[in-house]
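Indexing begins at 1, ligand by ligand and atom by atom, following the structure's order.
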Amino acid sequence: MTEAVIDVKLLEAQHVLQTYKRQPVVLERGEGVRLYDDQGRAYLDFLSGIGVASLGHGHAGLARALGDQAGSLAHTSNLYFHPLQGELAAKLSALTGLERAFFCNSGTEANEACLKFARRYWHTRGDRGRTKFVAFSHSFHGRTMGSLSVTWDEHYRAPFEPLIPGVTFVDGADPQALAAAVTPETAAILVEPIQGEGGVRPVSPAMVKAIEDACARTGTLLIADEVQSGSGRTGAFLASPAAGLTPDLIALGKALGAGMPVGAAMVSADVAATISAGDHGTTYGGNLLACRAALVFLDELDRGLLAHVRDVSAHLFEALHALASRHAAIRDVRGAGVIAGLDLDRDAAPVVAAALERGLLINRTSTTVVRLLPPFIVTNAHVDEAVGILDEVMTQL
Ligand code: PLP
């Protein structure tokens, strides 16, 4: 078949399960912060495939490393050692302060692993009734059954019930409700230091204090879901320390693989001591291609990418606050590093659609929030271009 006769949208309409509502764009290639569609049209990418393409698109070092790795050894399974998993785990351990890594392939699997490890911790310690979880309003932890059970939005959960029992959702603005919800039966509290899908909402200092108190009072474990906020997106490797959170387990994903599907559950020495061989596993998790991508990404962080994120972030938030001062429809500007949300007094969908028409990729979360998640390599000039487009769009609202 020649390229001309392949109708991508028709083929998908006929054969791909229709679980996604795609934008009417066929993206074919990328370079840095730009993406190009099948008509050759350029887009400024301020979404990075929902927080994934941390090094941008077509990164030469990543392409070389993955090409070399694929040409040598791509996958061995977890039945054997290979040279890269331990190296990556050691680096992640140093970066997170948590002793051990379990590798998987996505954010939801990282959370799934954390939920299992939390249950296993209490089971091993003989506290077998300690199986419950506490999560927050607006939380998003993924679509598999365990992660879905602790995901707040009812329309994601309702069609798939019954989910895992014993989950309590606490209003993120109500620290007293957290104190009441956490009991000696709580296996773990799950928190996103900055909620991503939930509308770019940072956890409040009052809630951090309530979490700390509840952990001290009951001994419950704390799981930080840093799938979106972590791996450098806020300008630090993790968002938890700046928020004042000290998790026992951390879920990582998205930016860590720079485009390769990589997830990791980081666990403390205490938790790790309660996990035995055979308790959890995956065929692909931590394979050579995945580890190689994550190692290239961590090398880039070492070479100054985190400092770059902090620099460009200052410019980004200055520009977004200036934008908000010009447009009354913007009620709030939230975020850190290169995760930003503009909370509007209306549905954000028309803004996202109008931005796409002007060649800017962003998306909507939590109905009223315009979310920006550019690649970490974004520059001040890209920020000015994106905010200029948003200015035009907001003017015409
Ligand atoms: N946790 C958080 C905080 C997320 O933002 C997401 C995805 O948006 C997930 C978990 C699920 O990750 P994945 O889609 O890779 O399964």
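Contact annotation: for N111 versus ligand 1, heavy atoms closer than 4.0 Å belong to the side chain alone. Contacts of E197 with ligand 1, taken as heavy-atom pairs under 4.0 Å, involve the side chain alone.
Among all protein heavy atoms, the one lying closest to atom 5 (O) of ligand 1 is Q228 NE2, 2.7 Å. From the protein, the heavy atom lying nearest to atom 16 (O) of ligand 1 is T108 N, 2.8 Å. When only non-hydrogen protein atoms are considered, atom 13 (P) of ligand 1 lies nearest to G107 N, 3.5 Å. From the protein, the heavy atom lying nearest to atom 10 (C) of ligand 1 is H141 O, 3.3 Å.
Residue D225 holds its CG atom at 11.5 Å from CG of L249, rounded to the nearest 0.5 Å. Distance CZ/F81 to OG1/T76: 11.0 Å, rounded to 0.5 Å. Note that CG of L306 is 12.0 Å distant from CZ of R233, once rounded to the nearest 0.5 Å.
Within the cation-pi definition used here (under 6.0 Å to the ring centroid, within 45° of the axis), R143 qualifies as a partner of Y156.
For K254, the heavy-atom gap to ligand 1 drops under 4.0 angstrom. A heavy-atom separation below 4.0 Å is found between D225 and ligand 1.
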Criterion side-chain hydrogen bond (donor to acceptor under 3.5 Å, both in side chains) on H82 and N287, from CA distance to verdict: CA-CA 8 Å; H82 71 62; N287 86 5; over 6 Å; no
Side chain to side chain contact (heavy atoms under 4.5 Å, CB included) between L148 and T108, worked out: CA-CA 9 Å; L148 187 61; T108 197; over 6 Å; no
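Taking any N or O of E192, backbone or side chain, none lies under 3.5 Å from an N or O belonging to ligand 1.
Protein heavy atoms are found less than 4.0 angstrom from atom 8 (O) of ligand 1.
Residue-environment remark: CZ (R64) stays at or below the threshold of 12 foreign heavy atoms within 6.0 Å.
The distance between the ring centers of H308 and F376 does not fall below 6.0 angstrom.
Which parts of ligand 1 touch S106 is read off a 4.0 Å heavy-atom cut-off, strictly below it: atoms 15 (O), 16 (O).
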